[in-house]
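Chain identifiers are assigned alphabetically (A, B, ...) following the order of the sequence lines, protein sequences preceding nucleic acid strands; residue numbering begins at 1 within each chain.
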Protein chains: 2
Amino acid sequence: MSYDELLDNFKDILKNSGLKQTKQREYILEALYENHHHLTPEEIYRLIQDRYPKIKIGIATVYRTLSLLEDANLVSSLSVADQGKRYELLSHEHHDHLVCTQCDKIMEFHDELIERQQEIIAKQFNFKMTNHTMQIIGVCQECQKK
Amino acid sequence: MSYDELLDNFKDILKNSGLKQTKQREYILEALYENHHHLTPEEIYRLIQDRYPKIKIGIATVYRTLSLLEDANLVSSLSVADQGKRYELLSHEHHDHLVCTQCDKIMEFHDELIERQQEIIAKQFNFKMTNHTMQIIGVCQECQKK
DNA sequence: ATCGATGCAAAAGTTTTGCATATAC
DNA sequence: GTATATGCAAAACTTTTGCATCGAT
């Protein structure tokens, strides 16, 4: 999905819920779009401060907007290893994560077989799946050499 | 694995690392064993206080012991939906989770196809997998009716 | 003009750390 | 006896909330 489509999508959601469009909300979406993945609220906050020094933004707004986006199913949160949640857009192609416990690096992969199997499992439980996450935890190739 | 085997296992790990066996550490392991899954450090702390009113235990010890157990790969942590991590023993048979976003209920499932596929993926990335977690997020059967 | 959104600061909640004391070895 | 573990309290982080003001509609 292009950024413009995504933004239109977000604007529609806001309008339909009687919420307002603001620069802050737009910049948060933009930060998530550009830095593809795994941002903490703190990181998003600083990215916006750095890029738009003129605009005022508070960390509370970042948290509030992320909750909004999560409720609207535009972002998902993930928490592994370190403390604090990290957020990423759902509109990027779905993928899962390999997390290295030594260097905290996060790698991505996509596997159709697993995707399909998840759908089958959700169906078995009569569960209405809105999202799913998977993490393979371990030691990456580089850290194994150390 | 029986509790006794698990405890012996833990004692060996402590001994081999030059660490000491304490009642507190044992009770934390016991709490995780008995209440099969998904405990927060706070819950573990209170369980032990309730069950062993005579013994002193501090929340810091719970955190310290959980880190120890996680390093030793005896427990894994999981964080979804609510804030804060939850811990569970790895020695219980491995399973993955269905998390309901409406009632926060966590259900479990086990799927061999997914397990095998995760191993294949780890191999492709030359990744030494020590653990893996998967969560299917959505709305459970009961909450769909509401 | 209205009502929701924002920034700020305070509060609440979670996790870690320093230190004196207690306890396992 | 020595070294590690513990409880406690303080500190560090993370997230949420109250409130006066601002800004989108």
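- Straight-line distance from the NZ atom of K20(B) to the C1' atom of dT6(D): 11 Å, rounded to whole Å.
- The CG atom of L66(B) sits 10 Å away from the P atom of dT15(C) (whole-angstrom rounding).
- A sub-4.0 Å separation between OP1 or OP2 of dT6(C) and a side-chain N or O of T22(A) is present.
- Under 4.0 angstrom from either OP1 or OP2 of dA5(C) there lies at least one side-chain N or O belonging to R25(A).
- Aromatic ring pairs are classed by plane angle as parallel below 30°, tilted from 30° to 60° and perpendicular above 60°; the pair H97(A) and H38(A) is perpendicular.
- Atom CG in L14(B) sits roughly 15 Å away from atom C1' in dT6(D) (whole-Å rounding).
- Between the P atom of dT15(C) and the CG atom of L39(B) lies a distance of 13 Å, rounded to the nearest Å.
- Under the 4.5 Å side-chain criterion, counting only non-hydrogen atoms from C-beta, L29(B) is in contact with L89(B).
- Neither OP1 nor OP2 of dA5(D) sits under 4.0 Å from any side-chain N or O of Q21(B).
- Nucleotide dT14(C) holds its C1' atom 11 Å from the OH atom of Y87(B), rounded to whole Å.
- Contact of the E42(B) side chain with the Y45(B) side chain is registered, since non-hydrogen atoms from C-beta on lie closer than 4.5 Å.
- Between Q24(B) and dT23(C) there is no side-chain polar atom (N or O) within less than 4.0 angstrom of OP1 or OP2.
- Residues L66(B) and I44(B) form a side-chain contact, since some pair of their non-hydrogen atoms from C-beta on lies under 4.5 Å apart.
- Distance from the side chain of R64(A) is smallest for dT6(C) among the nucleotides dT17(C), dA5(C), dT6(C).
- Residue T61(A) places no side-chain N or O under 4.0 Å from the OP1 or OP2 atom of dA5(C).
- Spacing between atom CD1 of I59(B) and atom C1' of dT6(D) amounts to 14 Å, rounded to whole angstrom units.
- In this model, the phosphate group of dT16(D) is not approached by any side-chain N or O of Y63(A) to a distance below 4.0 Å at OP1 or OP2.
- Between L68(A) and A60(A), the residue anchored closer to the 5' end of DNA chain C is L68(A), taking for each the nucleotide with the nearest heavy atom.
- No side-chain donor-acceptor contact under 3.5 Å links S77(A) to the backbone of Y87(A).
- One can place NZ of K85(B) at 16 Å from P of dC13(D), the figure rounded to the nearest angstrom.
- The side chain of K56(A) places an N or O atom within less than 4.0 Å of a non-bridging phosphate oxygen (OP1 or OP2) of dC8(C).
- For Y27(B) and dA5(D), the OH to C1' distance is 16 Å, given to the nearest whole Å.
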